[in-house]
Amino acid sequence: MQPGIDLRIRSMIKALSETVLPAVDPANKAAIEQLHITLGSLALLNDQIDHAYAFEIADLRDLIATLAGLADHVGTLSDSSREAAAAGEAVVAGPPVSLARVRDASNAVRAAVADEIAAAYARLDGQDTARLESWLLANATGQIARERAFVAATGFDVFPDTLQPIGALLND
């Protein structure tokens, strides 16, 4: 039986905490600090692993929706943007694929969004640009909420009382 990812991460945390950390010279503050950062990162990764695929798919869906919404503000999208959106939609609608493939699709759609926004800024006037900016900010609230929830375990959020559970934001 293959040990699960969570067990392997917990084993790494235990080895670093119980064997490596005590062996580090207490005077070597930088090494101790780096070990604590590594331990915290592994703990966060262990918390995130169950939600990673759903998080990436939700990100891709939002990017596709952003690209579609941009068409309402900028007019016709470029061929490459439409192709990136179609490829992303195929990943979302199809059978599960690797996280790397989901990220590749997200990166392509994200680049298309950036290109369309840059093109819009080049041709829109001030009032239309302001409307576009307002829409983009309002459109980003879902992704921002997911990103905040995804790293909530770090304890660094300045408004922790407003955090929602990541599972609820991902509908999983």
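Quick note: numbers below take in every heavy atom, side chains included, and nothing from hydrogens, waters or symmetry partners.
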Practice task
Applying salt bridge (Lys or Arg N to Asp or Glu O under 4.0 Å), run through Asp128 and Arg123 and close with a yes or a no.
Solution key: CA-CA 10 Å; Asp128 288 334; Arg123 69 178 181 267; over 6 Å; no
Problem - Inter-residue atom distance Met12.CE - Asn46.CG, 0.5 Å rounding - result: 8.5 Å
Fill in the blank from the handout: Residues Ala112 and Ser81: closest non-hydrogen pair is CB-OG, 3.5 Å
Handout entry: Main-chain N/O of Phe150 paired to Gln48 side chain as donor or acceptor, under 3.5 Å
Key = yes
Fill in the blank from the handout: Smallest heavy-atom separation, Val109 atom then Ala84 atom, equals CG2-O, 3.3 Å
Exercise for the section: Please report the closest heavy-atom contact between Leu169 and Ala145, naming both atoms and the distance. Expected result: CD1-O, 3.4 Å
Exercise for the section: Work out which heavy atom in Asp62 is nearest to a heavy atom in Gln143; give both atom names and the distance. Expected result: OD2-N, 3.7 Å
Handout entry: Between Tyr121 and Glu116, a side-chain donor and acceptor under 3.5 Å
Key = no
Exercise for the section: Verify, without hydrogens or angle tests, whether Ser17 (side chain) and Lys14 (backbone) share a donor-acceptor contact under 3.5 angstrom. Expected result: no
Exercise for the section: Look only at the side chain of Arg146 and the backbone of Leu170, and say whether a donor-acceptor pair between them is shorter than 3.5 Å. Expected result: no
Problem - Co-members of the apolar cluster containing Ile144 [side chain, <4.5 Å] - result: none
Exercise for the section: To the nearest 0.5 Å, tell me how far Asp104 CG sits from Glu56 CD. Expected result: 10.5 Å
Fill in the blank from the handout: Checking Leu16, Val20, Leu44 against Leu39 for side-chain contact (heavy atoms from CB on, under 4.5 Å), the one that qualifies is Leu16
Exercise for the section: Answer yes or no: is there a side-chain heavy-atom contact under 4.5 Å between Ser41 and Ile37? Expected result: yes
Exercise for the section: Answer yes or no: is there an ion pair linking Asp59 with Arg110, defined by an N-O contact shorter than 4.0 Å? Expected result: yes
Problem - Close side-chain approach of Val102 and Tyr53, heavy atoms under 4.5 Å - result: yes
Handout entry: Any side-chain heavy-atom pair of Leu60 and Glu89 under 4.5 Å
Key = no
Practice task
Heavy atoms only: give me the nearest Ala105-Val91 pair and the separation to one decimal.
Solution key: CB-CG2, 4.0 Å
Handout entry: Value rounded to 0.5 Å, distance of CD1 in Ile9 from CG in Leu42
Key = 6.5 Å
Completion exercise
Cluster membership besides Leu7, Ile/Leu/Val/Met/Phe/Trp/Tyr side chains within less than 4.5 angstrom, sorted by chain and number, is none
Problem - Over 12 foreign heavy atoms within 6.0 Å of CZ, Arg101 - result: no
Problem - Donor-acceptor contact present, side-chain Thr38 to main-chain Gln34, <3.5 Å - result: yes
Practice task
For the residue pair Trp135 and His73, categorise the inter-ring angle as parallel (less than 30°), tilted (30 to 60°) or perpendicular (more than 60°).
Solution key: tilted
Practice task
If you link ILVMFWY side chains whenever their heavy atoms are less than 4.5 Å apart, which other residues fall into the same cluster as Phe159? By chain and number, please.
Solution key: Val158
Completion exercise
Heavy atoms of Ala120 and Leu132 approach each other most closely as CB-CD2, 3.7 Å
